[in-house]
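Reviewing the structure listed below.
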Amino acid sequence: MDTSSPAAFVNGGLLCMHVGRKVRTVIQVTRSDAGSVMGKSTDGCQLVVRGSPPAPLTSYVEVIGVAENENSIRAELWTNFGDSFDASNYDQLCQLANGELKHLFL
């Protein structure tokens, strides 16, 4: 496993803390256009993910890439997570990974 460039677990609200760095998040896909996907983060924020997603997309997708700004990510890796996903649990993971347990994740 490559640990030289870890991706921070983020939700929409935490994305702004990681602009320019590698992040990972899960979105619920709301729209897909050529070269970008719009979706809702686990904390309800609207995000834009740029890149070439796999076809077909499931309802929930994990994206690893570089945070371009507070609401967009340039994707390097896409993973379909299916059509059912516990967004609340993932959101709690993001809070822990950027808070009191940050040292365990980066």
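Basis for what follows: all heavy atoms, side chains included, without hydrogens, waters or symmetry-related copies. No experiment lies behind these values; they were computed from the predicted model shown.
Ala97 and Phe9 get closest at one heavy-atom pair: CB-CB, 4.0 Å. Here the shortest heavy-atom pairing between Gly13 and Cys45 reads N-SG, 3.9 Å.
For Lys22, the salt bridge (charged side-chain N to carboxylate O under 4.0 Å, His left out) partners at least two apart in sequence or on another chain are Glu76. Every residue meeting the side chain to side chain contact (heavy atoms under 4.5 Å, CB included) condition with Leu96, not counting sequence neighbours, appears here in chain and number order: Glu100, Leu101. For Asn71, the side chain to side chain contact (heavy atoms under 4.5 Å, CB included) test picks out Leu47, Asn69, with sequence neighbours left out.
Between Asn11 and Gln95 there is a side-chain heavy-atom pair separated by less than 4.5 Å. Looking at heavy atoms from C-beta onward, Val61 lies out of side-chain contact with Pro53 at the 4.5 angstrom threshold. Here the side chains of Val37 and Leu57 are in contact, with some heavy-atom distance below 4.5 Å. Between Gln92 and Thr42 the shortest side-chain heavy-atom distance does not fall below 4.5 Å. Contact annotation: the side chain of Met38 never approaches that of Ile27 to less than 4.5 Å [non-hydrogen atoms, C-beta and beyond].
For the pair Asp91 (side chain) and Ala87 (backbone), a donor-acceptor distance under 3.5 Å is absent. A donor-acceptor contact shorter than 3.5 Å links the side chain of Asn80 to the backbone of Pro56. The backbone N or O of Val10 lies less than 3.5 Å from a partner atom in the side chain of Thr25, making a donor-acceptor pair.
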Exercise. For side chain to side chain contact (heavy atoms under 4.5 Å, CB included), just list the numbers for Thr30 and Gln46, CA-CA rounded to whole Å, side-chain angles, deciding distance to a tenth of an Å, and then say yes or no.
Key: CA-CA 9 Å; Thr30 56; Gln46 293 298 315; 4.2 Å; yes

Quiz item: Would Leu15 and Glu70 satisfy side chain to side chain contact (heavy atoms under 4.5 Å, CB included), going step by step from the backbone distance to the final call?
Solution: CA-CA 5 Å; Leu15 192 59; Glu70 69 276 355; 5.7 Å; no

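Atom-to-atom distance recorded for Tyr90:OH and Tyr60:OH is 13.5 Å, nearest 0.5 angstrom. With rounding to the nearest 0.5 angstrom, the CD atom of Glu62 is 8.0 Å from the CZ atom of Phe85. Taking SG from Cys94 and CG from Asn89, the interatomic distance works out to 11.0 Å, rounded to the nearest 0.5 Å.
In terms of hydrophobic clustering, with Ile, Leu, Val, Met, Phe, Trp and Tyr side chains grouped at heavy-atom distances under 4.5 Å, Ile73 and Leu14 are assigned to a common cluster. Val63 is not connected to Val19 by any chain of hydrophobic side-chain contacts under 4.5 Å among Ile, Leu, Val, Met, Phe, Trp and Tyr, and they are in different clusters. Tracing side-chain contacts under 4.5 Å through hydrophobic residues (I, L, V, M, F, W, Y), one never reaches Val48 starting from Val29; they form parts of separate clusters.
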